[in-house]
Structure formats: structure tokens, C-alpha cells
**Student:** 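After the C-alpha cells below, expect a handful of questions from me.
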Amino acid sequence: QVQLVESGGGLVQPGGSLRLSCAASGIRYSIYAMGWYRQSPGKERELVARISTVGSINYADSVKGRFTISGDTAKNTVYLQMNSLKPEDTAVYYCNVHLLAYNGLDYWGKGTLVTVSS
């Protein structure tokens, strides 16, 4: 059973920074992608950043140069450093694991709320 637990969300002023963490447990395969998605009212869930065990890294165009995704395999944890935050970044951020082999399943955390407002 795969479980993902997010932390680090909160209220921040425009131009500020936050660091999100996602601690994973129960992953039994070696080929997968892990990343962050976000969803705000009236919009579909969208990819923010993703990193895979085969070396690929992807960012949404709207966050390139401001957000950085990284991982610590020893701690089974992925981080999202968010700088120069804008009101448009306000959303619930979800951690995701996608298996790139075997069943191709997706696993989701419960989400952490990020609010960017003055």
C-alpha cells in the first residue's frame, strides 16, 4: 500500500517562499515518477513539477525559474521549493506517484493548501 503525506503549505505574501515536502512509503517498484500537481476552484488539476527515477524533470511553464523539485531517496521524500510566489499560485497542492511500469497506477496525497495573498 502506497501512502503519501504532504506538509509545508500555508499563507504567504506575494514574492515570498514556501517549501513543500512529500513523504512516501510503500513503493515497491524502481521505475516511477513523483511530482506535484495543483488545483484551484474552477480549474482542472494541473502538473506543477515532476521528477522520475529514469532522470527526467519537468516543470509547468508558469513556474519555470521560480520552483525547484528535488528528492532524497534515503528518506523517500520529495520537496518543492517555491520562490517568488504569485497570487495565481494559490491552490491545493497534491503529491503524486505514477508507476511507469507494471500496472501504471497513480497514487495521491490528501493535499496541502497554499495561499498567496497580501
Side-chain angles (χ1 to χ4, degrees):
Q1 181 179 355
V2 175
Q3 293 186 335
L4 307 175
V5 180
E6 305 104 328
S7 63
L11 174 65
V12 65
Q13 294 185 346
S17 298
L18 285 174
R19 186 172 186 250
L20 305 183
S21 298
C22 177
S25 63
I27 301 177
R28 306 303 183 200
Y29 307 100
S30 60
I31 304 175
Y32 62 91
M34 192 167 183
W36 293 92
Y37 290 70
R38 67 187 181 187
Q39 187 168 27
S40 57
K43 299 182 65 177
E44 295 184 353
R45 187 173 299 183
E46 64 175 352
L47 173 68
V48 178
R50 179 176 57 201
I51 187 169
S52 78
T53 58
V54 294
S56 62
I57 299 177
N58 301 101
Y59 293 98
D61 288 340
S62 60
V63 307
K64 287 181 178 178
R66 300 189 297 122
F67 293 8
T68 302
I69 189 169
S70 61
D72 185 339
T73 55
K75 297 181 179 180
N76 296 318
T77 301
V78 166
Y79 307 95
L80 185 68
Q81 179 66 46
M82 305 185 294
N83 299 325
S84 302
L85 283 162
K86 305 174 181 179
E88 304 94 283
D89 296 317
T90 296
V92 177
Y93 285 70
Y94 298 91
C95 184
N96 166 264
V97 168
H98 176 69
L99 302 184
L100 297 174
Y102 307 104
N103 293 330
L105 297 175
D106 283 286
Y107 301 91
W108 297 92
K110 294 182 179 180
T112 184
L113 177 63
V114 172
T115 302
V116 184
S117 176
S118 59

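Values below: all heavy atoms of this structure, side chains included; hydrogens, waters and symmetry mates excluded.
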**Student:** Would you kindly say whether Tyr37 and Arg45 are connected by a side-chain donor-acceptor distance under 3.5 Å?
**Tutor:**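 The answer is no; no qualifying pair exists.
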**Student:** State, yes or no, whether a side-chain contact exists between Asp106 and Val97 at a heavy-atom distance under 4.5 Å.
**Tutor:**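 Side-chain contact under 4.5 Å: no.
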**Student:** Do the non-hydrogen side-chain atoms of Phe67 and Val48 ever get within less than 4.5 Å of each other?
**Tutor:**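 In short, these two side chains touch, coming nearer than 4.5 Å.
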**Student:** Mark yes or no for whether Ser62, through its side chain, and Ala60, through its backbone, hold a donor-acceptor pair below 3.5 Å.
**Tutor:**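 Side chain of Ser62 to backbone of Ala60, a donor-acceptor pair under 3.5 Å: no, none is there.
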**Student:** Does the Glu44 side chain pair with the main chain of Gln39, one donor and one acceptor, at a distance under 3.5 Å?
**Tutor:** no
**Student:** Looking at Tyr93, is its backbone amide N or carbonyl O close enough to the side chain of Thr112 to form a donor-acceptor pair, meaning the two atoms are under 3.5 Å apart?
**Tutor:**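 Judged by distance alone, no pair lies under 3.5 Å.
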**Student:** Is there a side-chain contact between Tyr29 and Leu100 (heavy atoms, below 4.5 Å)?
**Tutor:**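 When only atoms from C-beta onward are counted, Leu100 and Tyr29 do not touch, as no gap falls below 4.5 Å.
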**Student:** Enter the distance from Met34:CE to Arg50:CZ here, rounded to the nearest 0.5 Å.
**Tutor:** 13.5 Å
**Student:** How far apart are the closest heavy atoms of Leu4 and Cys95, and which atoms are they?
**Tutor:**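 Heavy-atom minimum between the residues: CD1-O, 3.7 Å.
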**Student:** Does the structure place the NZ or CZ of Arg19 under 6.0 Å from the centre of the six-membered ring of Tyr79, at an angle of no more than 45° from the ring's axis?
**Tutor:** yes
**Student:** Applying a strict under-4.5 Å side-chain criterion to I, L, V, M, F, W and Y, I'd like to know whether Val78 and Leu105 cluster together.
**Tutor:** yes
**Student:** With distance as the sole criterion, is a donor-acceptor pair present between the side chains of Ser17 and Asn83 under 3.5 Å?
**Tutor:** yes
**Student:** Can any side-chain N or O of Gln13 pair as donor or acceptor with the backbone N or O of Ser118 at less than 3.5 Å?
**Tutor:** no
**Student:** Does the side chain of Pro14 reach to within under 4.5 Å of the side chain of Pro87, using non-hydrogen atoms?
**Tutor:** yes
**Student:** If I take atom CZ from residue Arg38 and atom CD from residue Glu88, how far apart are they, to the nearest 0.5 angstrom?
**Tutor:**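 It is 9.0 Å, given to the nearest 0.5 Å.
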**Student:** Which heavy atom of Ile69 sits nearest a heavy atom of Ile57, and at what distance?
**Tutor:**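 Distance-wise, the nearest heavy atoms are CG2-CG2, 3.9 Å.
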**Student:** Please round to the nearest 0.5 Å and tell me the distance separating atom CG of Asn96 and atom CH2 of Trp36.
**Tutor:**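 Between Asn96 CG and Trp36 CH2, I get 10.5 Å after rounding to 0.5 Å.
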**Student:** What distance separates Ile31 CD1 from Ser52 OG, expressed to the nearest 0.5 Å?
**Tutor:**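 If we round to the nearest 0.5 Å, Ile31:CD1 and Ser52:OG are 9.5 Å apart.
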**Student:** I need the minimum non-hydrogen distance between Leu80 and Ala49, along with the two atoms involved.
**Tutor:**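 Minimum heavy-atom contact is CD1-CB, 4.1 Å.
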**Student:** Between the side chains of Asp89 and Lys86, is the shortest nitrogen-to-carboxylate-oxygen separation below 4.0 Å, so that they form an ion pair?
**Tutor:**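 Result for this pair is no, no salt bridge flagged.
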**Student:** Test your reading of the model: is there a side-chain donor-acceptor pair from Gln81 to the backbone of Thr68, 3.5 Å cut-off?
**Tutor:**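 Looks like no, no N/O pair under 3.5 Å.
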**Student:** Supply the atom-to-atom distance Gln3 CD to Ser25 OG, rounded to the nearest 0.5 angstrom.
**Tutor:**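 Answer rounded to 0.5 Å: 5.0 Å.
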**Student:** Once you round to the nearest 0.5 Å, how far does OH of Tyr94 lie from CD of Glu46?
**Tutor:** 12.5 Å
**Student:** If only atom types and distance count, is the side chain of Thr53 paired as donor or acceptor with the main-chain N or O of Ser30 below 3.5 Å?
**Tutor:** yes
**Student:** In this structure, which one of Ile27, Val54, Val2 forms a side-chain contact (heavy atoms from CB on, under 4.5 Å) with Tyr32?
**Tutor:** Ile27
**Student:** For the side-chain contact (heavy atoms from CB on, under 4.5 Å) test, which of Leu20, Val116, Val12, Val63 pairs with Met82?
**Tutor:** Leu20
**Student:** Do other residues, nucleotides or ligands put more than 12 heavy atoms under 6.0 Å from Leu47 CG?
**Tutor:** yes
